[in-house]
Asker: 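Can you keep this structure in mind? I'll have questions shortly.
Predicted model, so just to flag it, every value in this text is computed and none were measured. So you know, we letter chains A, B, ... as the sequences are listed, proteins then strands, and number each from 1.
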There are 2 protein chains.
Amino acid sequence: MTIKHPIPKKKYTKKERPKNLSYLSNLGMTLEKDVEETNNYYLEIKRAVIHKKPTPVQIVNVSYPSRNKAKITEAYYRTPSTTDFNGIYQGFYIDFDCKETKSLTSIPLANIHDHQIKHLKAITSLGGIGFLIIYFKAYDEYYYLPFEQLYKYYKNSMKGGRKSIPYKHFQENAYLINFSLNPRLDYLSIIDKHIIPKMKRS
Amino acid sequence: MTIKHPIPKKKYTKKERPKNLSYLSNLGMTLEKDVEETNNYYLEIKRAVIHKKPTPVQIVNVSYPSRNKAKITEAYYRTPSTTDFNGIYQGFYIDFDCKETKSLTSIPLANIHDHQIKHLKAITSLGGIGFLIIYFKAYDEYYYLPFEQLYKYYKNSMKGGRKSIPYKHFQENAYLINFSLNPRLDYLSIIDKHIIPKMKRS
């Protein structure tokens with residue numbers, strides 16, 4: 001987890017971004033890994049403390065083949081009741097999830113679970129910063145979608161409105177996250193520029 | 001998780017607290033369970049959103065005996081890099097862990113892992129509220145120990161000083177948490193009274 005020799009920050013445009021160089025072999029990982037790398041970098045430079053929550057697992061059986069290491073031999077995935085990521089930045093409670101879509105035109109709301117909406121609604125109403133990071137694979141673009149924008153589409157869908165958020169909405173209203181080497185996905189700069197100036201301290 | 005018929009709040013002194021009544025059979029659970037019940041209550045009344053992080057597990061093998069349910073057949077416990085509990089209250093990022101001791105005289109610092117100290121130091125320096133809930137079984141007393149107090153003892157122990165925090169310190173400087181039916185361990189009231197008034201908003 002420790003970055004001993006930080007790689008100098010360099011920004012790549014979509015076309016420039018090197019994909020096949022071996023020393024960059026960690027690029028092209030999943031969205032979640034990119035976010036975790038970003039968080040490790042933020043932690044290292046003491047900018048923020050944001051962690052991914054472990055996948056919740058119900059452990060049924062454990063064996064002890066050696067004295068050192070317990071081996072879980074039966075367990076099941078449980079449904080999380082929160083989003084995957086949370087932590088602290090600039091004194092604010094931060095909470096978000098990551099989603100990706102191959103679609104050219106929209107992201108279906110079905111990708112976002114009810115418990116995640118409920119959780120993000122609860123934390124934003126208590127003064128937290130809630131959002132999604134949405135990756136449009138087709139365009140290789142990452143967007144910061146504030147919870148308030150998500151919630152408008154969600155509420156509308158509950159009343160029979162459209163069941164997805166159009167790509168056009170992202171282009172016009174969400175915030176494009178810069179992809180670079182370090183940090184990979186600099187979502188805190190979006191928060192600095194667009195979110196904190198609008199926050200009310202209680 | 002849903003409390004449909006909240007039990008009226010009643011405070012018990014140490015001697016009065018009923019332990020063997022069947023309708024209270026959930027009392028006398030572990031400290032962690034009491035804290036989780038407390039958090040469920042806070043969530044229900046929309047006072048705070050604070051969750052226990054799942055135990056981190058490295059999953060090695062999964063089988064699919066039926067179409068519905070994946071069965072994890074080989075997994076191992078991993079060392080967490082944070083504390084067990086975090087969330088949001090009054091706009092503040094909250095982060096803590098629970099410890100208990102049978103000792104009459106002190107709690108050994110060995111009970112508190114280095115990664116927990118490091119994590120709590122990072123979050124408090126970013127404006128978060130970090131603390132421990134310490135249960136002295138012998139006295140049936142729960143204390144709120146602010147991270148700053150813990151850190152003084154920790155730093156001193158690193159310089160060769162005592163390796164434990166005396167019970168006397170808790171009586172004189174930490175905050176006794178009230179135990180009742182609902183919420184079980186009302187630690188947010190300690191934060192209201194003793195912590196938030198001293199916090200500086202950035």
Side-chain angles (χ1 to χ4, degrees), chain A residues 1 39-40 42-44 46-63 65 68-78 80-84 86-95 115 118-130 196 199-202, chain B residues 1 39-40 42-44 46-63 65 68-78 80-84 86-95 115 118-130 196 199-202:
Chain A
M1 302 290 246
N39 291 342
N40 289 342
Y42 289 151
L43 188 64
E44 189 69 22
K46 299 185 193 297
R47 189 166 172 202
V49 179
I50 296 161
H51 288 280
K52 181 179 184 298
K53 291 193 180 184
T55 306
V57 159
Q58 185 190 8
I59 294 161
V60 176
N61 254 311
V62 181
S63 75
N68 296 334
K69 211 168 183 181
K71 180 180 174 182
I72 298 161
T73 55
E74 187 182 356
Y76 300 93
Y77 292 104
R78 295 170 63 187
S81 48
T82 64
T83 54
D84 276 354
N86 79 352
I88 181 169
Y89 176 58
Q90 297 272 16
F92 287 103
Y93 174 84
I94 303 288
D95 198 304
H115 73 261
K118 197 180 163 189
H119 174 70
L120 287 170
K121 188 168 189 312
I123 71 95
T124 51
S125 69
L126 290 173
I129 295 176
I196 289 179
M199 296 295 290
K200 286 175 202 155
R201 296 283 187 178
S202 56
Chain B
M1 303 289 249
N39 291 342
N40 289 342
Y42 288 150
L43 187 65
E44 189 68 21
K46 299 185 193 298
R47 190 167 173 201
V49 178
I50 296 161
H51 288 280
K52 183 180 182 298
K53 291 195 179 183
T55 305
V57 159
Q58 186 190 8
I59 294 162
V60 176
N61 254 311
V62 182
S63 75
N68 297 332
K69 211 170 184 181
K71 181 181 174 181
I72 298 160
T73 56
E74 187 182 355
Y76 300 93
Y77 292 104
R78 294 171 63 188
S81 49
T82 64
T83 54
D84 276 354
N86 79 353
I88 181 170
Y89 176 58
Q90 298 272 15
F92 286 103
Y93 174 84
I94 303 289
D95 198 304
H115 73 262
K118 197 180 164 190
H119 174 71
L120 287 170
K121 189 167 188 313
I123 71 94
T124 51
S125 69
L126 289 173
I129 295 176
I196 289 180
M199 295 295 290
K200 284 176 203 154
R201 295 284 186 179
S202 57

Asker: At a heavy-atom separation under 4.5 Å, does Arg47(A) approach chain B through its side chain, its backbone, both, or neither?
Answerer: backbone
Asker: Please look at Lys71(A) and chain B and tell me whether the side chain, the backbone, both or neither of the residue comes under 4.5 angstrom of a heavy atom of that chain.
Answerer: both
Asker: Would Val49(A) and Tyr93(B) satisfy side chain to side chain contact (heavy atoms under 4.5 Å, CB included), going step by step from the backbone distance to the final call?
Answerer: CA-CA 11 Å; Val49(A) 179; Tyr93(B) 174 84; 5.5 Å; no
Asker: Between Tyr76(A) and Ala70(B), what is the shortest heavy-atom contact and its length?
Answerer: CD2-O, 3.4 Å
Asker: Going from CD1 on Ile72(B) to CD on Gln58(A), what distance comes out if it is rounded to the nearest 0.5 angstrom?
Answerer: 10.0 Å
Asker: Of the backbone (N, CA, C, O) and the side chain (C-beta and beyond), which part of Thr73(B) lies under 4.5 Å from a heavy atom of chain A, both, or neither?
Answerer: both
Asker: Counting only non-hydrogen atoms closer than 4.5 Å, does Ile129(B) touch chain A with its backbone (N, CA, C, O), its side chain (CB onward), both, or neither?
Answerer: neither
Asker: Once you round to the nearest 0.5 Å, how far does CD1 of Ile88(B) lie from CG of Asp95(A)?
Answerer: 8.5 Å
Asker: Applying side chain to side chain contact (heavy atoms under 4.5 Å, CB included) to Ser81(B) and His51(A), what does each step give before you reach the verdict?
Answerer: CA-CA 9 Å; Ser81(B) 49; His51(A) 288 280; 3.9 Å; yes
Asker: If I measure from the heavy atoms of chain B, does Ile59(A) come under 4.5 Å with its side chain, its backbone, both, or neither?
Answerer: side chain
Asker: Less than 4.5 Å to any heavy atom of chain B: does that hold for the side chain of Val62(A), its backbone, both, or neither?
Answerer: side chain
Asker: Let me confirm one number: the NZ-CG distance from Lys53(B) to Asn86(A), rounded to the nearest 0.5 Å.
Answerer: 5.5 Å
Asker: For Ser63(B), which atoms come within 4.5 Å of any heavy atom of chain A: side chain, backbone, both, or neither?
Answerer: neither
Asker: Looking at Pro56(B), Pro80(B), Ala48(B), Ala75(B), which one has more heavy-atom pairs under 4.5 Å with chain A than the rest?
Answerer: Ala75(B)
